[in-house]
Structures are given as C-alpha cells and as structure tokens.
Amino acid sequence: MKSLPAIDRYIFRLVLMPMCGVFVIAASLLVLDKMLKLFDFVATEGGPVSVVFRMLANLLPEYASLAIPLGLLLGILLAFRKLATTSELDTMRAVGLSYTRLLRVPYMITLVLAALNLVIVSYLQPLSRYYYEQLQFELRSGALGASIKVGEFTTLQDKMALRIEQSREEGRQLIGIFARVASPKGQVLSISAREGRFLALKDNPDTIILRLTDGQIVQDAPGQAPRVLSFTRHDLPIDLPAVEEFRQRGGTEREYCLPELLRITWSDRVSEKLRNETSASLNFRLVEVAMMLLLPLLAVALAIPPKRSTSALGLFLSIVMVVAYHKVNEYGMAVSALGRVSPLLALWGPFVLFSALILWMYWRIAYVPGGQPIGALERFADNLGKWGRKLAARFNRNRIAGT
C-alpha cells in the first residue's frame, strides 16, 4: 500500500468503507428475509433450530454474488460523490488528473472482486446450492431428527402412531406422550405417559428406545377384554424408518461447476434440453461477472451531480439500473434455457446495449466539457421536488386557514 501514491491511497480509503458497508447491509437484508422463511419451514417440519443456520451458511455464496457487484458500484459512486460535493474533484482535475487516472485504484479493486465473484459463481455457489438442497431433503425425510412433530400424529412404519404435546431441551425431553402400537397378530397397545426421552442403542443403530415415565398402557387383543396397566417406567422400542439417500450432485444446472457446464454444453451425448439449460446458465454466470468490469465507469458517470447541486438521483438510478439489468439477465437465462432464443442474443445482447450506454455516459462526464449524462433527469427531479414543496406548503396553509 505504501508503494501507491497518496492520491491512490486516499481514493482507496474512500471506496473501501462504503463498499464494505453496502456489502454487509445487502447480504444481511437478504439473509434476514430468508431466515424468517427458513424458521417457518423448519418449525413446520419439526427440525432442530441449528439446521436454519446451516442452511443460511449454504446460501451465503449465492447472496455474495449479488451483494459484491452492488457493494462495488455504490462504494465507488459514494467515494466520487464525496469528492465532487466537497470540490476535491475539481482540484484534482485542475492539476491534470483525469477520470481515467482516478479510476486506477477502483479498477484494481474491481479486478480482485470480479475474480472472487467468478470463483463464487463457478465453484462455491453450485456446491453450496447442492448442500442446501440436501439439508432440505434430510429435514423432510427425518434424517435430521425431524420425523416426530410436536402436536401432530406421526406414523412410523404403519404400525405405530405417536403424538407429543411438548418438546424441551432440543427434543431430549418430551412431555405429554400418546402412542398407539399395533402388532401383526392384531393386538393394539394404547400408551399414555407424562414424559419420556429418546435413547440410542449402540448395538442396533436402526432402533431407538423411547423411555416413558408415569403412564398407563391399555392392552386390547382380539377376543379378550381390554387390560389397563400402570407403570412408572416403560421402554418402548421404535424401529427407525429407512432414510432414502439423497441424489448425486447435478440434479439441476445450478449445481454444476463451470468446467462441468462447459463439458455438457459442448457434448453431443446429452439431450438438447439439458444442453440448452447448461448453456444458458454458463452464459448467465459469465455475463454477470463481465458486467462488473464496467461498474466503475457507471459509478463515476452517476456520482457527479450538476454544479451547485447535491442531488442523490444518481445514487437511486444506479441501484435501479443494476437491479433491472440483473432481472433482464434472469429472464434471458430462462428464455434461452427453453431453447427459444440463443444465449448470445438473450444474454450478451443486453450486455452489449448496457455497455454502450455506460460507455456513452462515461464519455459525456469525462470528455465533454460540462457534460452531464443524466442532466435532463436531474432537471426533471429538481422541478418535481420544487412542485412537491409548493404543493405541501399550499396544503399546510389551507389546513391552518381551515382551523
């Protein structure tokens, strides 16, 4: 860092703090939104709370691939906006520093983050998506201890129905237990107990013991009168159902790593449907990373407001443009995955158009004297703000006169 000139170190500090802040905020919002849905899902399936955080950890690479470009864009934009509003940018320009020179450090950061994002979408994101789906499967199948649901009847191997009123200590202590067990000979046992605990058997991992405390057993056999037995402790063996193994990775195109996508796309041994899906996913990932290389130019073009103005329209517009472009890419991937449009047209076509718009905006701000790429929008927003303030003042005067 000491080898960099002072101006580059200054710009690096200006970019770094807001970039990290935006990244953390964006990732946190995405995680919190998903966390509520996962808590509801895990509670419905009766699984342990810890699985929620394991599932969220597997979603972080997917959220990072969205938060990194947004953090990069807003970090550079806020840094150059601060330089512009404090007139430091005018001083730098006056001593001969061009916008291209000032973007040296932001482009160093961009190259590092683009490489990081490429690794994420190529390897980490497909693997984490597979592990996330595996956790969902295990939760639904009961492999995570979620087969016994509180407050509901659970059927085990069509011969036992079990209901638990309360679960404490993460499922180790069970309160209010009712079980109905049917034997092959037609005998039916109705068991109720105040509490119980699950115990594992070292010699037989496929069977667990439900140790019941303070309860009754109603024994009903064909041709015999029911018998009622009271107990202080009773061990009820439960045969665990066989849990189906989860599928191999690659059930969807989202679970393929980048080399695998390339191999499938160029292979003649796979179906056309699979080839279209993998080709769409491959081009989507590449075009999202490629767009990061143009974000510094977009940030500078939108960061600098007109003279004697502190308008934040560029900040708002940058978020809208990046999110809209991402949604266009998602739609292009979906259409090309169906084989209706070539990925070169559906994904790289919008990339070329958006790149041309960004380059024109940067050329206006950097090489046209007094150029303002969103000058018309700035004037419209300013007039709209003045009209809104006048309307609010008139409304307040009418309200005061009415009272």
Side-chain angles (χ1 to χ4, degrees), residues 1-30 63-121 288-306 309-323 325-326 354-355 357-359 361-367 372-374:
M1 183 63 69
K2 289 295 183 181
S3 61
L4 290 176
I7 185 63
D8 290 333
R9 296 199 299 270
Y10 179 58
I11 293 177
F12 177 79
R13 289 194 298 269
L14 290 179
V15 173
L16 185 63
M17 293 307 297
M19 181 183 67
C20 294
V22 171
F23 173 76
V24 171
I25 292 173
S28 300
L29 291 176
L30 292 171
Y63 293 154
S65 66
L66 300 175
I68 287 176
L70 189 60
L72 173 66
L73 172 68
L74 295 183
I76 299 174
L77 189 149
L78 292 174
F80 276 82
R81 175 179 167 79
K82 182 178 183 299
L83 292 176
T85 54
T86 57
S87 300
E88 291 178 277
L89 186 60
D90 294 333
T91 304
M92 295 176 184
R93 296 280 289 158
V95 298
L97 295 177
S98 64
Y99 285 105
T100 304
R101 171 61 183 85
L102 295 176
L103 281 172
R104 175 188 295 179
V105 168
Y107 257 104
M108 293 180 183
I109 299 174
T110 300
L111 293 176
V112 173
L113 292 182
L116 175 62
N117 206 22
L118 181 61
V119 173
I120 290 175
V121 300
E288 287 279 300
V289 175
M291 179 47 61
M292 290 184 63
L293 302 178
L294 294 172
L295 292 182
L297 304 182
L298 177 63
V300 171
L302 296 176
I304 303 169
S309 173
T310 58
S311 172
L313 178 63
L315 178 63
F316 169 77
L317 191 59
S318 66
I319 299 175
V320 172
M321 291 177 67
V322 170
V323 173
Y325 176 72
H326 178 71
F354 197 47
S355 300
L357 176 62
I358 292 175
L359 293 173
M361 294 174 67
Y362 178 73
W363 173 78
R364 289 282 303 176
I365 198 71
Y367 298 105
Q372 187 68 28
I374 57 171

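Note that the coordinates shown come from a computational prediction; the quantities given were computed from them, not determined experimentally.
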Measuring from atom [atom1] of [X] to atom [atom2] of [Y], what distance do you get when rounded to the nearest 0.5 angstrom?
X      : Y      : atom1 : atom2 : value
Asn117 : Thr110 : CG    : OG1   : 11.5 Å
Leu293 : Leu111 : CG    : CG    : 6.5 Å
Phe12  : Met17  : CZ    : CE    : 11.0 Å
Arg104 : Ser98  : CZ    : OG    : 9.5 Å
Arg101 : Met92  : CZ    : CE    : 10.0 Å
Leu30  : Leu70  : CG    : CG    : 9.0 Å

**OP:** Kindly indicate, with the supporting measurements, whether the criterion side-chain contact (heavy atoms from CB on, under 4.5 Å) is fulfilled by Leu74 and Ile319.
**Re:** CA-CA 8 Å; Leu74 295 183; Ile319 299 175; 4.0 Å; yes
**OP:** Please identify each residue that fulfils side chain to side chain contact (heavy atoms under 4.5 Å, CB included) with Thr91, with sequence neighbours left out.
**Re:**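 None.
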Side chains of [X] and [Y], heavy atoms from C-beta outward: is any pair under 4.5 Å?
X      : Y      : result
Ile76  : Leu72  : yes
Tyr107 : Leu297 : yes
Leu102 : Leu83  : no
Leu78  : Leu315 : yes

Original post:
If you draw a 6.0 Å radius around CE in Met108, do more than 12 non-hydrogen atoms from other residues or ligands fall strictly inside?
Top reply: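 Correct, the count exceeds 12.
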Looking at every heavy atom in both [X] and [Y], which two are closest together, and how far apart are they?
X      : Y      : answer
Ser355 : Met291 : OG-CE, 3.9 Å
Ala26  : Ala67  : CB-CB, 4.1 Å
Gly314 : Leu77  : O-CD1, 4.0 Å
Thr86  : Lys82  : OG1-O, 2.6 Å
Ile120 : Ser65  : CG2-CB, 4.3 Å
Ala301 : Tyr362 : CB-N, 4.1 Å

Original post:
Step by step, would you call Leu113 with Met292 a side-chain contact (heavy atoms from CB on, under 4.5 Å)?
Top reply: CA-CA 8 Å; Leu113 292 182; Met292 290 184 63; 3.9 Å; yes
Original post:
Considering the options Leu295, Leu294, Val300, which one meets the side-chain contact (heavy atoms from CB on, under 4.5 Å) requirement together with Ile358?
Top reply: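 Considering Leu295, Leu294, Val300, a side-chain contact (heavy atoms from CB on, under 4.5 Å) with Ile358 is found only for Leu294.
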Original post:
Between Tyr325 and Phe354, how do the two ring planes meet: parallel, tilted or perpendicular, split at 30° and 60°?
Top reply: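 Parallel.
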**OP:** Evaluate the criterion side-chain contact (heavy atoms from CB on, under 4.5 Å) for residue pair Val105 and Val15; output intermediate values, then yes/no.
**Re:** CA-CA 9 Å; Val105 168; Val15 173; 6.0 Å; no
**OP:** Applying side-chain contact (heavy atoms from CB on, under 4.5 Å), run through Ile365 and Leu302 and close with a yes or a no.
**Re:** CA-CA 9 Å; Ile365 198 71; Leu302 296 176; over 6 Å; no
